[in-house]
Amino acid sequence: MYQVPGLQPGDVISVTSSFKQKEPVHWMLVSGFLRGAIEPPPEKWFSEVDLWKHHNWDRIQQMTVPADAKQGLLFLAPDSGGGFSTLRNTVRRQPNLFLRVSQDMTNATAEQGRLNSFFDGMRSANAAGNPQTATQRSLALANSLSIDVNGKCFDANAQQTPCLVQNTDELLAKSDSRGTAVQNLTSLPSASLIGGVISSQLGAAFFPYVGATIDVIHLLGGARTADYQYLPAVAERHGDRIQLKLNHDPTFKRPKSVLVYVLPQVDATTPPGIVIDTEKDPACISSAASALPAEAPPSLYSAQYGHGWTLTLRDADGRTQHNISIKADPSVGGFLVSAGSVDQNLFRNDTSVKGSITGHWGFKSVTLPPFTLEHSRSGAWQLDVKQQESLIAGSHVVLNLSSPVASCIGQVQLNDGKGHHLAAVVSHTSATTVTAALDLGPAAVGDGALEVQQVGLNQPDQQKLRIYQPLPGVDQTTYFAGDHVIEFGGQRLGEIASAEFGGTHFDPADLLTSAEKNDTAQFVQPDSAPVATVAANSTATAVLHLRDGRTMTVSFAVQASRPKVKILSVNPRNPASTIQLQNQDAVPQDTQLNLTLQTVVPAAFQPDEKIQIRSDLQTAPVELALSHGLMLQDTQTAIVSFVPAQLLGASTFGRLEFRVIDSRGVAGAWHALPKVVRLPQLTEIRCPPSLDSKCTLTGDQLYLLAAVSAEPSMKHAVRIPGGFTGASVEIPRPSGSTIFIKLRDDPGTADAVLLPVIPELPPGSGQQ
């Protein structure tokens with residue numbers, strides 16, 4: 001009966017009772033048919049069987065559907081003497097009422113079937129013990145069965161399956177019948193419900209059947225007599241048996257309860273439209289269990305009208321495989337093909353296969369429109385090369401995988417090459433595209449592989465890829481037109497290997513990191529190289545080549561040229577000294593330096609231009625202006641005179657540098673000047689008569705010496721230790737009056753020193 005969506009005139013219905021023992025209640029089974037809303041059915045359309053009588057326990061009640069019947073009903077009623085005629089007359093007096101009840105009960109049965117299918121599917125998902133499986137299963141079931149579920153059940157802390165199954169007051173079934181499921185479940189009049197009991201790992205969950213709407217109770221109240229009151233009953237199928245479920249306690253006192261069961265409608269039922277639509281998104285068929293998504297009404301899954309479904313496959317060469325038994329499954333949203341049922345010889349060629357499905361809807365044969373299927377093929381997918389550079393450690397990425405068999409791509413995961421596997425969230429976006437969403441950890445930098453598992457294949461396909469560090473953050477770019485230096489500010493600038501713009505190439509020079517962890521990096525090119533072909537006050541774009549092979553671009557404003565000068569001459573006036581400096585690039589700190597500078601940009605020196613001078617070992621420069629230390633010879637030439645020790649301090653040493661500051665406050669490039677060294681004051685050498693004895697060097701600030709030797713090769717040199725503050729030091733005996741020293745400020749050069757050598761008389765000679 002439950003496999004028939006509708007009855008036809010002339011159909012014969014056989015009913016037998018499951019009562020096999022004497023019951024305390026004398027039940028009678030009454031059958032009847034309705035002609036229409038306003039036409040009382042003939043008395044001959046009703047019949048009864050006294051089930052309480054022993055000889056009727058196994059009696060089969062046969063009913064033939066009359067030619068003009070619209071609806072069939074079964075009544076299970078306690079006998080009260082004349083009960084059959086009372087019940088028959090009640091129905092014949094109010095055919096419209098019972099016809100309306102039949103329609104509502106038919107809708108209620110359909111809703112009950114949808115909810116039962118949902119609960120059965122959820123219990124199966126719960127048995128698997130995987131929360132993700134439960135989530136996916138519930139969403140698929142809800143979509144297939146047209147049910148809205150409580151979204152709160154998918155919160156992070158929710159027990160998903162108990163929430164979905166037990167909280168039926170939060171479950172809304174989309175329905176065309178009057179009222180929603182939540183109204184039906186919460187507004188019925190009796191708190192004592194005779195309903196199904198779901199026993200599972202969740203424990204016992206009691207809930208009423210969806211049942212007829214509240215109007216059914218009110219309608220049947222209008223049929224109440226002194227002997228009988230009517231209760232709607234929904235059928236629950238168990239094999240070839242039907243069990244009636246109530247949502248109200250029956251009573252066996254007058255008026256006694258009559259259970260009303262509605263037979264399938266008498267109607268020329270048309271099988272619903274079922275389509276396997278694979279033109280835009282082909283389904284995948286393989287040796288593993290496969291799903292064929294279908295566009296179908298919920299009744300395909302919640303009712304048992306459809307049965308005997310068979311799949312036929314045909315390859316490009318015309319080979320076919322028939323009689324593959326399949327079944328409708330709401331958890332996959334279509335038909336499920338069991339594992340191992342498909343002949344793999346159909347997949348010898350890398351082409352799609354054609355499919356068709358036949359079956360029955362009730363007693364009617366059904367043939368679905370033909371469709372296309374794909375099958376798994378190793379290596380049949382590609383990852384966009386450009387997208388590989390989006391694999392940044394610590395970021396969320398979405399990768400597009402293109403494949404002619406995208407529907408066969410199942411699990412996608414990232415192997416980071418360090419023994420960790422990160423599963424992706426896979427979404428099929430089109431017939432040839434799959435997206436894989438990944439949250440990359442911050443430590444996943446390096447070479448890895450994307451592993452794509454296709455349905456039915458034993459091993460995943462792999463594509464090597466690299467997970468990169470985050471790109472450098474360039475917050476500021478400074479470049480002056482015509483310069484050979486570009487400067488970047490930001491984070492992780494050490495990852496930049498070179499920069500290119502305006503037809504020129506720049507290599508890294510200095511990288512500085514401030515306390516705020518912001519980097520400053522300079523990239524330079526030789527002064528002889530052609531300058532970048534970018535105009536002042538324009539916008540330019542630089543291509544930055546990273547050390548890991550990637551590139552990035554930054555746009556910046558080209559500033560007007562910064563001040564430039566040319567050194568015409570450097571004339572030191574060294575003071576007299578016993579120390580003869582061999583390094584032509586070194587000058588004593590009390591030397592007067594005279595610089596002659598010629599302006600290049602701007603065309604003439606401006607009154608407010610300044611010169612900054614510093615030692616490369618000191619950070620605070622000293623400024624010279626026209627009013628102090630800077631003299632113009634003419635508008636293009638300036639003379640700068642200064643003594644390093646006086647200008648920068650007595651402790652000044654190291655390479656001197658200067659730059660020009662223009663009226664905008666913009667600084668030009670640093671220019672190198674001679675190296676400043678500090679000289680000790682050496683006075684004399686005293687040597688004893690014995691040629692085997694060492695001599696004594698005397699003087700002031702001997703700590704400025706690094707070593708002293710009697711030979712230019714500095715062989716057998718005496719090292720002056722750090723922290724030395726003495727006024728004399730023993731040195732090797734010189735062969736004449738010349739010794740050789742290395743200064744602490746210039747330890748790479750041996751300088752000659754000409755000093756008087758004074759012989760010392762032996763003690764007791766009497767000479768002073």
Side-chain angles (χ1 to χ4, degrees), residues 476-489 499-510 512 520-540 542 556-572 585 593-616 618-642 644 647-648 655-675:
Q476 184 177 4
T477 302
T478 304
Y479 179 72
F480 298 95
D483 242 359
H484 293 281
V485 178
I486 184 171
E487 185 174 279
F488 301 108
E500 292 181 356
F501 70 95
T504 57
H505 181 88
F506 292 77
D507 291 315
D510 296 323
L512 303 175
T520 299
Q522 286 189 343
F523 288 74
V524 300
Q525 58 180 180
D527 291 341
S528 59
V531 298
T533 56
V534 291
N537 303 315
S538 66
T539 299
F556 58 93
V558 180
Q559 302 187 39
S561 298
R562 59 178 175 170
K564 293 182 181 179
V565 294
K566 181 168 62 173
I567 302 175
L568 298 181
S569 65
V570 179
N571 297 313
D585 194 33
L593 282 175
N594 300 308
L595 312 179
T596 303
L597 308 178
Q598 184 181 67
T599 183
V600 178
V601 177
F605 278 110
Q606 303 300 310
D608 50 0
E609 281 192 73
K610 300 174 184 178
I611 298 288
Q612 282 188 342
I613 300 174
R614 73 176 184 183
S615 163
D616 66 350
Q618 297 170 315
T619 57
V622 174
E623 289 186 350
L624 300 178
L626 286 175
S627 59
H628 176 68
L630 180 62
M631 177 68 70
L632 292 181
Q633 184 181 34
D634 53 40
T635 58
Q636 288 83 34
T637 310
I639 308 298
V640 182
S641 297
F642 65 95
L647 182 66
L648 301 175
R655 176 70 61 185
L656 292 182
E657 299 175 320
F658 82 92
R659 66 181 179 180
V660 180
I661 308 294
D662 68 9
S663 58
R664 300 170 295 169
V666 174
W670 287 103
H671 297 268
L673 292 173
K675 182 178 182 180

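Fair warning: this is a prediction, and the values are worked out from it, not measured in the lab.
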Checklist entry - From Leu630 CG over to Ser641 OG, what is the distance, rounded to the nearest 0.5 angstrom? => result 9.5 Å

Checklist entry - When rounded to the nearest 0.5 angstrom, what distance separates OG1 in Thr596 from NZ in Lys566? => result 12.5 Å

Checklist outcome for this item: Taken in chain and number order and not counting sequence neighbours, the residues that satisfy side-chain contact (heavy atoms from CB on, under 4.5 Å) with Thr504 are Phe506, Gln525, Ala532

Item to check | Close side-chain approach of Asp662 and Pro602, heavy atoms under 4.5 Å | outcome: no

Checklist outcome for this item: Rounded to the nearest 0.5 angstrom, the CG-CE distance for Leu624 and Met631 is 12.0 Å

Checklist entry - What is the minimum heavy-atom distance between Arg664 and Pro563, and which atoms define it? => result NH2-CD, 4.3 Å

Checklist entry - Which pair of heavy atoms, one from Phe523 and one from Ala499, lies closest together, and at what distance? => result CD2-N, 4.4 Å

Item to check | For Glu487, side chain to side chain donor-acceptor pair (under 3.5 Å) partners two or more places apart | outcome: Gln522

Checklist entry - With sequence neighbours excluded, what pairs up with Arg562 under the salt bridge (Lys or Arg N to Asp or Glu O under 4.0 Å) test? => result Asp483

Checklist outcome for this item: Rounding to 0.5 Å, atoms CD1 (Ile639) and OG (Ser569) come to a distance of 6.5 Å

Checklist entry - By side-chain contact (heavy atoms from CB on, under 4.5 Å), which residues pair with Pro526, not counting sequence neighbours? => result Ser528, Ala529

Checklist entry - What residues form a salt bridge (Lys or Arg N to Asp or Glu O under 4.0 Å) with Glu657, not counting sequence neighbours? => result Arg614

Checklist entry - If you look at every heavy atom in Leu632 and Ala638, which pair is closest and at what distance? => result CD2-CB, 3.8 Å

Checklist entry - Who passes ring pair (Phe, Tyr, Trp, His ring centres under 6.0 Å) against Phe556, sequence neighbours left out? => result Phe501

Checklist outcome for this item: Residues passing the side-chain contact (heavy atoms from CB on, under 4.5 Å) test with Asp634, sequence neighbours excluded, are Gln636, Thr637

Checklist entry - Parallel under 30°, tilted from 30 to 60°, perpendicular over 60°: which one fits the rings of Phe658 and His671? => result parallel

Item to check | Val660 vs Ile611, side chain to side chain contact (heavy atoms under 4.5 Å, CB included): CA-CA, chis, key distance, verdict | outcome: CA-CA 5 Å; Val660 180; Ile611 298 288; 3.6 Å; yes

Checklist outcome for this item: Sequence neighbours excluded, the answer for ring pair (Phe, Tyr, Trp, His ring centres under 6.0 Å) partners of His505 is none

Next on the checklist: When you compare the side chain of Phe642 with that of Leu656, does any pair of heavy atoms fall below 4.5 Å?
Outcome noted: yes

Item to check | Nearest-0.5 Å distance that lies between atom CD1 in Ile567 and atom CG in Leu597 | outcome: 6.5 Å

Checklist outcome for this item: With sequence neighbours left out, the residues meeting ring pair (Phe, Tyr, Trp, His ring centres under 6.0 Å) with Phe605 are none

Next on the checklist: Tell me every residue that passes side-chain contact (heavy atoms from CB on, under 4.5 Å) with Ala535, counting only those two or more places apart in sequence or in another chain.
Outcome noted: Ser538

Item to check | Heavy-atom pair of closest approach, residues Gly502 and Val534 | outcome: CA-CG1, 4.2 Å

Checklist entry - Which distance, rounded to the nearest 0.5 Å, do you find between the CD1 of Ile613 and the CD of Glu623? => result 10.5 Å

Checklist entry - Which residues pass the salt bridge (Lys or Arg N to Asp or Glu O under 4.0 Å) test with Asp585, sequence neighbours left out? => result Arg655

Checklist entry - Minimum heavy-atom separation for Gly482 to Val531, with atom names? => result O-CG1, 3.3 Å

Checklist entry - Of all residues at least two apart in sequence or in a different chain, which pass the salt bridge (Lys or Arg N to Asp or Glu O under 4.0 Å) check with Lys564? => result none

Next on the checklist: Donor-acceptor pair, distance only, cut-off 3.5 Å: does the side chain of Ser561 make one with the backbone of Ala481?
Outcome noted: yes

